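Reckoned from all heavy atoms, side chains included, excluding hydrogens, waters and symmetry mates. Everything numeric in this text was worked out from a predicted model, so none of it was measured. Below, chains carry the letters A, B, ... as their sequence lines are ordered, and counting in each starts from 1.
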Amino acid sequence: MSGEATSAVAPSASAGAPSAHLRLDGVVSGYGQIKAIKGISLHVETGEVVALIGANGAGKSTTLRTISGLLRPSAGEISFEGKRIDRVAAHDIVRMGISHAPEGRAIFGRLSVLENLRLGAYQRNARAEIEQDLERVLTLFPRLRERVKQDGGTLSGGEQQMLAIARALMARPRLLLLDEPSMGLSPVLVETIFRTVIEINRAGTTILLVEQNAAMALQVARRGYVLESGAVALEASAAELRASDLVRKTYLGEA
Amino acid sequence: MQEWIQLLIDGITIGGVYAVIALGYTLVYGVLRMINFAHGELFMMGAFTGYYTLNGFEKHSSLNDSVPVLTIAIAIVLGMVVAVTLALVMERIAYRPLRRAPRLAPLISAIGVSILLRNIMLRATNAQGKVYPKVFPRTAVEIGEIRLLYVQIFLIVLSFVFLGLLYLFIQRTKAGVAIRAVAEDRDTASLMGINVDRTIMTTFAVGAALAGAAGVVYGMFVTTATSGMGFIPGIKAFTAAVLGGIGSVPGAMAGGYFLGISEAISTKFFGAQYKDVVAFVLLVAVLIFRPWGLFGKREDKRA
Amino acid sequence: MKGSGSLSSLRAALDPGRYWSRAGEQLQTTTSGAAVARFGQYAVLPLLAIAGGLGPSYFGIRWTFAILVIVMYALLRSRSGLFGMVVLGAMLVYLPHQMDTFERGIMFDIALYALLGIGLNVVVGYAGLLDLGYVAFFASGAYLYALISAPQFGGGFDVGTSFWIVLPMAMVLAALVGIALGVPVLRLRGDYLAIVTLGFGEIIRIMINNQDGVTNGPVGVFAIPKPHFGSTELSGPVELYFVVLAGCFVAAFAAERIRDSRVGRAWEAIREDEDVASSMGVNTTAYKLMAFAIGAAIGGGGGVIYSAKQSAVFPSDFNLDVSINVLALVIIGGMGNVRGVILGAMLLIGLPEVLRDFSINIAFIHLDNLGADYRLVIFGAALVAVMILRPEGLLPARRRQAQFEPADVLEPEVAT
């Protein structure tokens, strides 16, 4: 299932063609004095699914939070579609086309499912298009359609995850940042979620995916980066990563 | 029986004022987790604006007599404008720089703003209360032994209107949903494209507008404006917000009426001079036994 | 990391006060003789407080005060206690005789507020509990003495000695009131505590006002006798000022000793992070109550002295402004240390008195009686300014600066 998902995109191994969709160059970031990432460089090309894998505390979420503007890097550059975004406020980055479905789902528990979804399209104004997209994501996630009136907090874990992804899509992003979409979900649900991720990518959205479930992530992604204590330890195609000793031992749990 | 109805009406009258002010506390607390100690002073500034406006009309025209609806409306709008302006200035100068500071810092800053405003008005008025011109007939509607001043009816109706409008604003408008989102999770809200700073300002502005309007109407009701008049209603309104579960909009409304009615009834048993004590006892009791409010559900402690 | 390390060592090298404080800590751990030396070091602090009214016959009161504040700020900052002690000890003996009644009154007020500040500082500065109803304890002390000693209530006590009996009684009473208030509310978060104590201060005033039968209501209590010391009646402001001074001395010494003890470390832990403190096994409620009780006792003692000085007390003496004055001087002076409180008392209580009828006339701004009428306006603005520009106060406590550094290091997430 994974191979077909990404075969449409021509491979570009050169680390950092100037045309890169998203590009991080020596980015250092974290909370206060504690730097969770220490000089990360990576790039994502248009149409790709790229996986960031690594252990807890390797800096995966910090990387995403820095890209989406929740954290400000203390060094390095981030550019998106050729524009510098490392000094842009989070709410303006959404407007530029990056949408971030954060770790732990982070849906608004006291807002209804519908309100959550509409918030995803907060910065957009074209009403008809928003309604269209609403229809589209509800088709993508039929479970949510049954629950549009319910408060977000009453949803199950899997439903909340669907809501978080659906909400991120409501921004009509060109780049989607997904943080641990499989966390805490049953294997069946994980399968569903990842199938949807592939669908989203096929529909034209570039995806940067953070996962602890490396097996799953590397099935979906075309390329991947392995992060270790805040730095890129390895960068390769998904197939190569799956075959590499480091990944097999550390993240795939193979002997 | 009639006595009880009278008490109930008096309670609803003052309760409406508490409810309208309480919304400001609860909204700001919702987005910033901070008690805006200076909120009662916005109410006071509203009352003074109302006085100066109505007094100006009284002195320079006969509009107060011919079209009181117009002058009152202008006074209310101006009261709101003044309160909103002040609130935005205080947010920008005294609170925003402290957004990342430890809890005590914005609290102390807010106390400073409250002291500042109160004493500026004390000096500006030479410590003299300002007496409102007579805009409403000082007569009452009497049904049996129940007395209802015209201004009282006006106040009751207007509080309902404001509460209704605010509820619609919070529930139905995009800005309202943004406020609720920021209240729940500031970071995730900004990932939705919500400008958190602007939303916080909107929150202050909405709370201040209500407090300013309440100040004007309350000023007409008690017929005077004094620099210290925001203090007790401010604490009462805060109590109302806590009674309803701070952060909850419907809770603040219900808490306001609950407190107003409890106070009114308490005067029957303890006399009017202990009415403030009743409010504080209620506040302490709720904080100890039901810190999540009388009407709300217990929620897990959030960061 | 490296950079900040060398920066802090640079700061240490530039700041002589650090050496002194380090020496002080060493002394404390060695001998009991050192404890006496340390006691002496604190003796200077209340002495500093009273210098506000000194030497006015020479330069006029305003200039004297201005010079003194500057000198004192320097002395307090560097903690060169010995030098200051000698200079000010001499001034203390000499200068009250140079002053008129008004100036002696100012000295009394500064010292009284310094005493209250030392008490409130235990609560706000050490334990980090924002108490906006401190006046309640002050009032309970003042009324206890008034009711026991004033002739209108029978005056069953031996007037000459009752003061010295009532003083500890008032302190115990205030401490009990503090505990009674503290038990229900100390479980609450900081901002709730602030508003509950605020309400409590008001309730006490309302009760005094309304319980005519007990307190004579708004009419007040009159002809409160002066204390005697041996056979001397301590009647004037200077004599009573010496009483407050002694009070400051004892309170400051006790407070700082407690702060440096196990109790003080518990307070510090609670102040920094209550949840962590309690998970480390600190009985947070007990320690918070202790801070509340100690602060209250000092406030109650201050009330007794106030009552004796004024000869008459009224409910209106005990309004919110008292709590605000004390809180402001603690915060502006520098939370968490006695030196800051002293400086705060001089600036916030002394300066407005000295500038009572000072006027500003610039362009269209005409402000008359600056010190008398605008002091609270200025306090309000100063509280905001201090929080934004220098949240640790003018004279920061050396160990507490961390509390007011940006919180994002410790609390990365507001909510998730």
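- Contact of B:Tyr95 with chain C is not made at all, since no heavy-atom distance falls under 4.5 Å.
- Contacts of B:Ile246 with chain C are made by side-chain atoms alone, with heavy-atom separations under 4.5 Å and no backbone atom involved.
- Contact between B:Leu116 and C:Val377 at its shortest, heavy atoms only, is CD1-O, 3.1 Å.
- Heavy atoms only, all atoms of each residue included: C:Gly128 and B:Leu104 are closest at O-CD2, 4.3 Å.
- Using a 4.5 Å cut-off between heavy atoms, B:Ile120 contacts chain C through both its backbone and its side chain.
- Among the residues in residues 276-287 of chain B, those with a non-hydrogen atom closer than 4.5 angstrom to a non-hydrogen atom of chain C are B:Asp276, B:Val277, B:Phe280, B:Leu283, B:Val284, B:Leu287.
- Between chain B and the options C:Asp321, C:Leu320, C:Asn209, heavy-atom pairs under 4.5 Å are most frequent for C:Leu320.
- Both the backbone and the side chain of C:Ile388 come within contact range of chain B, with heavy atoms under 4.5 Å apart.
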What pairs of donor and acceptor atoms, side-chain ones from residues 192-205 of chain C against any protein atom, are under 3.5 angstrom apart with sequence neighbours left out?
unit_1	atom_1	unit_2	atom_2	d
C:Thr197	OG1	C:Leu132	N	2.9
C:Thr197	OG1	C:Leu193	O	2.9
C:Thr197	OG1	C:Ala194	O	2.8
C:Glu202	OE1	C:Arg205	NH2	2.8

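- Residues B:Leu98 and C:Met387 are in side-chain contact: their nearest non-hydrogen atoms beyond the backbone lie under 4.5 Å apart.
- You'll find the side chain of B:Ile111 reaches within 4.5 Å of the side chain of C:Leu130, heavy atoms only.
- No part of B:Phe289 comes within reach of chain C, as not one of its non-hydrogen atoms sits under 4.5 angstrom from that chain.
- For the atom pair CZ (B:Arg123) and CG (C:Asp373), the distance works out to 3.5 Å, reported to the nearest 0.5 Å.
- For B:Ile232, the part sitting under 4.5 Å from any heavy atom of chain C is the side chain, from C-beta outward, and nothing else.
- Heavy atoms closer than 4.5 Å to chain B are found in both the backbone and the side chain of C:Leu376.
- Between C:Leu383 and B:Ile115 there is a side-chain heavy-atom pair separated by less than 4.5 Å.
- Note: B:Ser114 OG to C:Ile324 CD1 = 6.5 Å, rounded to the nearest 0.5 Å.
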